[in-house]
Amino acid sequence: MTRTPRKNLKQAISWWWTTRVMGLLRIRFGSTVKRQLAKPHDTIVFKQNAPELAPAKDSGITVILTAYRRAKYLPDQIAALRAQTVPPTEIWVWSNSSEEELIDVSHLADRVVVANSNFLFWGRFAMANLARTRYVAFFDDDVLPQPKWFENCLNTIEAGHDGILGGSGVILPPAGGYSNKNKAGWNGLHSTEVVPVDLVGHAWFMRKDHLKYMWFEQPLHWENGEDIHLSYMALKHGGIKTLVPPHPADDLSVWSCRPDFGKVVGRMNVATSKTKDHRPLRTEIVDHYRADGWQIVSVRQAN
């Protein structure tokens, strides 16, 4: 082994001066000067900091909301969630990067995560893996849950209908491709029974343990289809079905969304469903997964 030559006195002093004295000055005082010279908008300051995460427990609900182009409705969503007959343990907000000014809701939500990238629909599902509760729930930014929605979901599970629960379910056509004409939930069939569907959107409720199946395989496309991917992966790898809890026409209190809010806000131009490649991309995803072995509801019922 080659031995490093010992430094002479001059080299030793130079090394000490460079690494100890100048290093201390550069690191400690240099960063201080930079902070003092930083412009106000270079620093994100929240109105309220979140407390430490609690230990995991076999109960409770963590809600994940998304802030993107309709963040102005977050206070209404959070108020509706706090008013649930079974209130959530915590409410988290995932904020995707957008051209809109960031709205600080740290004083309303329990935790806020701000990204300088647009992770589309996937960021919220990834963040939910950090939840410490038994259940996780997700809401699009055009959904306003009614006061008994969580109670409805828990009653559905306790009645033996465990699965990926959602507020707007789609039953795909047997001939192939994607179509949302056959729907169940707040904006579809208003049933007093639990309805089996192929995928759900707008609002999700599930055991946190079910979420792991979403990451067993890479999605076919990152641009769209997180709802399709979640339902197929849960069914393929876990035998977990996708279901819509009861949405009786005479009791809106158990609905996943207040219909007037969902109809008006959901039809704004920022909605993903209004993009020109929305349906073709989803058709490609559905057909690919069906070729992979996905037995959709209409096929299962026919057999």
Side-chain angles (χ1 to χ4, degrees), residues 64 119-129 131 134-138 140 153 156-157 159-185 187-189 191 193-247 256 272-273 275-303:
I64 313 292
F119 288 95
L120 299 177
F121 330 96
W122 306 91
R124 55 184 173 179
F125 289 104
M127 184 170 73
N129 288 288
R134 185 177 191 180
Y135 300 100
V136 289
F138 307 84
D140 285 348
C153 291
T156 297
I157 293 173
H161 303 286
D162 191 7
I164 307 297
L165 307 184
S168 176
V170 173
I171 300 174
L172 295 168
Y178 174 80
S179 173
N180 62 356
K181 291 182 179 180
N182 193 1
K183 302 178 75 171
N187 59 351
L189 173 67
S191 175
E193 304 294 330
V194 176
V195 181
V197 294
D198 292 305
L199 59 121
V200 289
H202 294 202
W204 293 259
F205 187 97
M206 70 195 79
R207 296 182 190 272
K208 181 194 168 186
D209 191 55
H210 294 345
L211 191 61
K212 65 187 178 186
Y213 299 113
M214 189 175 199
W215 312 109
F216 275 29
E217 298 180 27
Q218 289 277 333
L220 182 64
H221 291 291
W222 287 103
E223 294 80 10
N224 204 319
E226 85 291 352
D227 48 353
I228 305 171
H229 184 73
L230 171 60
S231 288
Y232 176 48
M233 289 295 107
L235 184 64
K236 177 180 178 179
H237 295 289
I240 308 298
K241 295 181 179 179
T242 299
L243 309 161
V244 174
H247 279 70
S256 57
T272 307
S273 59
T275 59
K276 64 179 181 179
D277 60 345
H278 178 74
R279 189 175 297 273
L281 197 59
R282 291 173 74 81
T283 287
E284 182 184 349
I285 296 169
V286 167
D287 289 344
H288 177 83
Y289 288 162
R290 289 193 64 180
D292 185 55
W294 188 10
Q295 294 288 305
I296 63 173
V297 169
S298 60
V299 173
R300 296 202 304 266
Q301 292 176 343
N303 295 334

Is any side-chain heavy atom of [X] closer than 4.5 Å to a side-chain heavy atom of [Y]?
| X | Y | value |
| --- | --- | --- |
| Met206 | Leu165 | no |
| His237 | Glu217 | yes |
| Asp140 | Arg124 | yes |

What closest approach, in Å, do [X] and [Y] show between heavy atoms, and which atom pair accounts for it?
| X | Y | value |
| --- | --- | --- |
| Val244 | Gly185 | CG1-CA, 3.8 Å |
| Tyr213 | Ala234 | CB-CA, 3.8 Å |
| Leu243 | His161 | CD1-O, 3.4 Å |
| Leu211 | Ala128 | CD2-CB, 3.5 Å |
| His278 | Asn224 | ND1-ND2, 3.1 Å |
| Cys153 | Pro245 | SG-CG, 4.2 Å |

With rounding to the nearest 0.5 Å, note down the distance linking [atom1] in [X] to [atom2] in [Y].
| X | Y | atom1 | atom2 | value |
| --- | --- | --- | --- | --- |
| Ile296 | Ser231 | CD1 | OG | 12.5 Å |
| Glu226 | Ile285 | CD | CD1 | 9.0 Å |
| Ile164 | Ile240 | CD1 | CD1 | 7.0 Å |
| Glu223 | Leu281 | CD | CG | 6.5 Å |
| Asn129 | Trp215 | CG | CH2 | 7.0 Å |
| Ile157 | Arg134 | CD1 | CZ | 8.0 Å |

* Asked: So Trp294 and Tyr232, would you call those rings parallel, tilted or perpendicular, with 30° and 60° as cut-offs?
  -> tilted
* Please check if the side chain of His247 supplies one atom and the backbone of Ser256 the other of a donor-acceptor pair under 3.5 Å. =>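 Checked: pair present.
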* Asked: Ignoring hydrogens and geometry, is there a side-chain-to-backbone donor-acceptor pair from Lys241 to Leu235 under 3.5 Å?
  ->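 No: the side chain of Lys241 does not pair with the backbone of Leu235.
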* Asked: Which of these, Ile228, Leu199, Thr283, sits in a side-chain contact (heavy atoms from CB on, under 4.5 Å) with Leu172?
  ->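 For Leu172, the side-chain contact (heavy atoms from CB on, under 4.5 Å) check succeeds only for Leu199.
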* Report the residue from Leu230, Val200, Val170 that forms a side-chain contact (heavy atoms from CB on, under 4.5 Å) with Thr242. => Val200
* Pair Asp227 + Arg282: basic N to acidic O under 4.0 Å -> yes
* Please step through side-chain contact (heavy atoms from CB on, under 4.5 Å) for the pair Asp162 and His210, ending with a clear verdict. => CA-CA 10 Å; Asp162 191 7; His210 294 345; 3.3 Å; yes
* To do: Using side chain to side chain donor-acceptor pair (under 3.5 Å) as the criterion, point out the one residue from His229, Glu284, Lys236 that pairs with Tyr289.
  =>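 Running side chain to side chain donor-acceptor pair (under 3.5 Å) over His229, Glu284, Lys236 with Tyr289 returns exactly one hit, His229.
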